[in-house]
Amino acid sequence: LAAELKLPPRKTRAINIRQLRDAQLADFKKNKIPATATDGSVSWIRIDNVPVMGRLMVITRHQAMASSYDCNTCMCPLVFDGSVQVDPGNTHLLPTWYGYLSCFGEYEDCNYNRQWYQETSVATWSSGDTAVATVDGSSPGRIEGIGAGSTIISASYSDCGAYYPPFSGQYSCTCEQIKYSNPSSGGEVAVQKPQFVKVIYSQCGTHTCPSGYNNTQENYIPYQVLDVDQNPIPIAGLEVNETLFNASSSCPIPVPGGSGAKTDATGSFADRVWLCCQQSWSCGASWDQSFTVNSYPVLVLANGLTGSKNHIQTACQNGQGTCPNVYPVP
Amino acid sequence: MSGFILALLLLAVQPVTLGSAAQFPSRSRNLALDRKLDTKVPVFNTQGQSFAKSFLNLVCGYKLPAALEYVDKDAVQRPLSLTVRKAPLRDVIRALVAKLPEYRVTFVDGIVDVYSPQARRDPNNLLNTVIPAFSVNYESLNGASTELANLLRAQTTPGVGLIGDVLESPDEPKITLNLRNKPVREILCAIIAANGSAVWAAVVPPERLSDPRVQLWAVYPLGYSFCDFLFARLHKMFMVAQ
């Protein structure tokens with residue numbers, strides 16, 4: 001702000017902020033604080049050690065603390081605050097299945113900005129109950145389901161929690177205090193025997209694609225959720241989610257995002273699949289999908305086959321289309 | 001005689017009312033939403049949770065069709081301190097949104113819509129992309145969202161195929177919509193309002209709302225666990241690899 005304010009130590013004075021605002025000069029990027037600015041709506045960006053010509057600003061402080069903003073002049077280092085989080089917070093596995101956890105540590109800079117950083121590879125991992133799940137030290141964060149139950153997978157590590165010198169004008173700092181992590185949050189792992197989703201039938205229809213694309217066949221596949229003994233689960237409200245991967249196609253396609261649904265009163269849900277290609281392309285695609293029910297991975301049953309994922313192949317040509325082929329694969 | 005005239009008037013008025021309801025199916029849902037928003041909340045406390053977490057708790061707890069058009073790091077990570085006593089739910093949400101200066105909220109068209117005016121003005125924000133024609137007929141929530149994503153992709157990234165793989169519940173409400181020249185965010189709000197029990201949220205940080213290669217939004221039916229999925233996804237957006 002374009003104002004000169006000189007105060008003896010420990011003295012205060014009322015300031016008309018509106019007058020200051022209206023009298024302000026633009027900064028070096030010709031920005032001014034707008035009249036409509038509200039508390040917290042203006043962001044100040046600090047840029048350290050940037051070569052400049054001339055003098056930009058002088059801040060003079062006489063004993064009383066006007067601001068703690070620039071107390072630490074050693075390159076504004078990030079300090080570890082001890083908070084550690086294991087992600088995902090909850091994991092559901094089947095026996096012999098594996099997954100990966102990540103470890104994030106929270107850091108703060110001298111402007112009090114906080115950020116989580118991944119520290120998976122430097123963390124020390126441990127399992128609360130190795131009869132339920134183990135965590136692999138040689139491949140950090142890799143967990144494996146052993147037997148039914150639940151346990152906590154923990155991560156810990158240490159980093160610098162304060163730097164020296166805190167008040168000098170030096171631009172390199174020495175770690176003054178190693179901070180050890182607090183007990184990590186998250187990392188709950190539950191292991192359960194596998195349930196199943198069974199393809200009830202597969203039915204083809206026509207999908208109307210946007211203008212400029214071939215209309216294509218659309219496959220409708222209802223599924224039934226089965227329990228560990230392969231009996232239908234007659235309970236509504238199970239949450240089914242899918243993950244899509246290994247997509248390949250003769251026409252360029254993005255990897256689609258997975259979606260979720262709740263099962264109906266008979267424990268069933270449905271999957272619809274289609275592909276729209278531009279008319280100049282030879283149409284066709286394949287991809288894999290895996291399912292979770294209430295976050296637990298499930299096996300896929302179809303045509304007497306069992307697999308950990310479903311493979312989908314679809315093809316279309318000149319708007320005629322071929323009905324997608326769906327089968328489980330290991 | 002006057003009774004006969006009254007009966008004639010009722011007969012004359014009834015088809016108009018029915019026709020009007022058929023044309024604007026979201027009207028009754030607006031009333032339902034208004035009733036929910038008038039609910040008196042004895043005590044609301046953020047308990048140090050972030051804006052996004054607190055908002056989703058309200059949305060899922062009271063089953064409010066809702067939108068989070070813009071999600072920044074502050075909204076997901078900064079702990080909030082707010083207590084509101086004996087206030088209508090609408091005022092609780094207003095008080096919550098007021099804690100973040102760049103956010104606004106509206107309660108129109110059958111949806112609680114949280115947005116950033118600045119993001120709405122940003123021409124690079126793909127959620128502002130106008131879709132010339134959006135039409136779905138008896139479509140599920142995920143299906144309608146996927147169709148919209150495909151239309152946006154066709155418009156912003158010519159030269160890619162459009163793939164659909166949609167999970168749906170056999171008994172979930174189906175949506176029929178015909179919209180012309182509406183931005184993506186308004187179409188999403190219309191989808192949510194028509195469904196009546198869902199939420200959509202931007203699932204990329206603000207700087208990536210202009211990236212046509214990423215999934216910009218997600219839709220979830222309302223329910224505590226789906227809200228947990230959504231919040232976990234938002235939280236993960238701002239964790240970075242070192």
Side-chain angles (χ1 to χ4, degrees), chain A residues 38-41 85 87-89 102 104-105 114-119 207 209-213 218 222 236-237 239-242 244 247 249 251-266 268-278 281 283 285 287 289 291 294-295 312, chain B residues 73-74 77-78 98-102 118 131-135 137 139-143 145-147 149-151 153-155 157-172 203 212-221 223 225-226 228-229 232 235-236 238-242:
Chain A
T38 55
D39 182 27
S41 69
Q85 199 171 99
D87 181 76
S102 298
F104 289 86
R114 288 172 174 267
Q115 179 63 282
W116 292 90
Y117 286 93
Q118 174 143 191
E119 306 290 349
H207 186 83
C209 294
S211 171
Y213 293 80
E218 176 180 304
E239 288 159 10
V240 184
N241 269 274
E242 69 170 340
L244 308 170
S249 175
C251 67
I253 55 168
V255 176
S259 61
K262 278 190 187 295
T263 60
D264 69 1
T266 63
S268 72
F269 66 99
D271 185 21
R272 287 193 300 125
V273 178
W274 70 88
L275 173 70
C276 299
C277 284
Q278 285 185 346
W281 295 330
C283 225
W287 65 92
Q289 56 182 179
F291 298 96
N294 281 2
S295 303
I312 292 186
Chain B
K73 190 175 153 190
D74 237 18
Q77 290 189 353
R78 184 158 66 90
K99 297 293 275 184
L100 297 182
E102 66 274 37
Q118 195 179 347
I131 302 296
F134 176 77
S135 178
N137 186 23
E139 188 57 85
S140 66
L141 176 67
N142 280 326
S145 171
T146 302
E147 291 285 8
N150 278 340
L151 285 174
R153 191 168 291 122
Q155 198 165 313
T157 318
V160 296
L162 309 175
I163 194 167
D165 190 339
V166 170
L167 288 192
E168 53 195 31
S169 308
D171 54 359
E172 72 177 282
V203 290
R213 297 164 301 176
V214 299
Q215 185 187 349
L216 295 175
W217 70 84
V219 294
Y220 288 89
S225 47
F226 277 114
D228 288 345
F229 285 147
H235 186 64
K236 216 167 181 176
F238 299 100
M239 289 181 153
V240 294
Q242 197 169 32

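Residue numbering restarts at 1 for every chain, and letters A, B, ... go by the order of the sequence lines.
- Annotation: side chain of B/D165 is in contact with side chain of A/D271 (closest heavy-atom distance under 4.5 Å).
- Interface remark: A/N241 contributes backbone and side-chain atoms alike to the contact with chain B (heavy atom separation under 4.5 Å).
- Between A/W116 and B/Q77 the shortest heavy-atom distance is CD1-NE2, 3.4 Å.
- The two residues A/R272 and B/S140 have their closest heavy-atom pair at NH2-OG, 4.1 Å.
- Here the straight-line distance linking atom CG of B/L167 with atom CZ of A/F291 works out to 6.0 Å at 0.5 Å rounding.
- Here the shortest heavy-atom pairing between B/G161 and A/C251 reads CA-SG, 4.3 Å.
- Residue B/T146 touches chain A through its side chain alone, counting heavy-atom pairs closer than 4.5 Å.
- When the candidates B/L151, B/V219, B/N142 are compared by the number of heavy-atom contacts under 4.5 Å with chain A, B/N142 comes out ahead.
- Here the closest heavy-atom approach between residue A/Y213 and residue B/A154 is recorded as OH-CB, 3.5 Å.
- Taking NZ of B/K236 as the start and CZ of A/F104 as the end, the distance is 7.0 Å to the nearest 0.5 Å.
- Nearest heavy-atom pair across A/T263 and B/S169 is N-OG, 4.4 Å.
- For B/A232, no part sits under 4.5 Å from any heavy atom of chain A, backbone or side chain.
- Salt-bridge check for B/E172 with A/K262: failed, with every basic side-chain N at 4.0 Å or more from each acidic carboxylate O.
- Note: B/D171 leads B/N150, B/L100, B/D171 in heavy-atom pairs under 4.5 Å with chain A.
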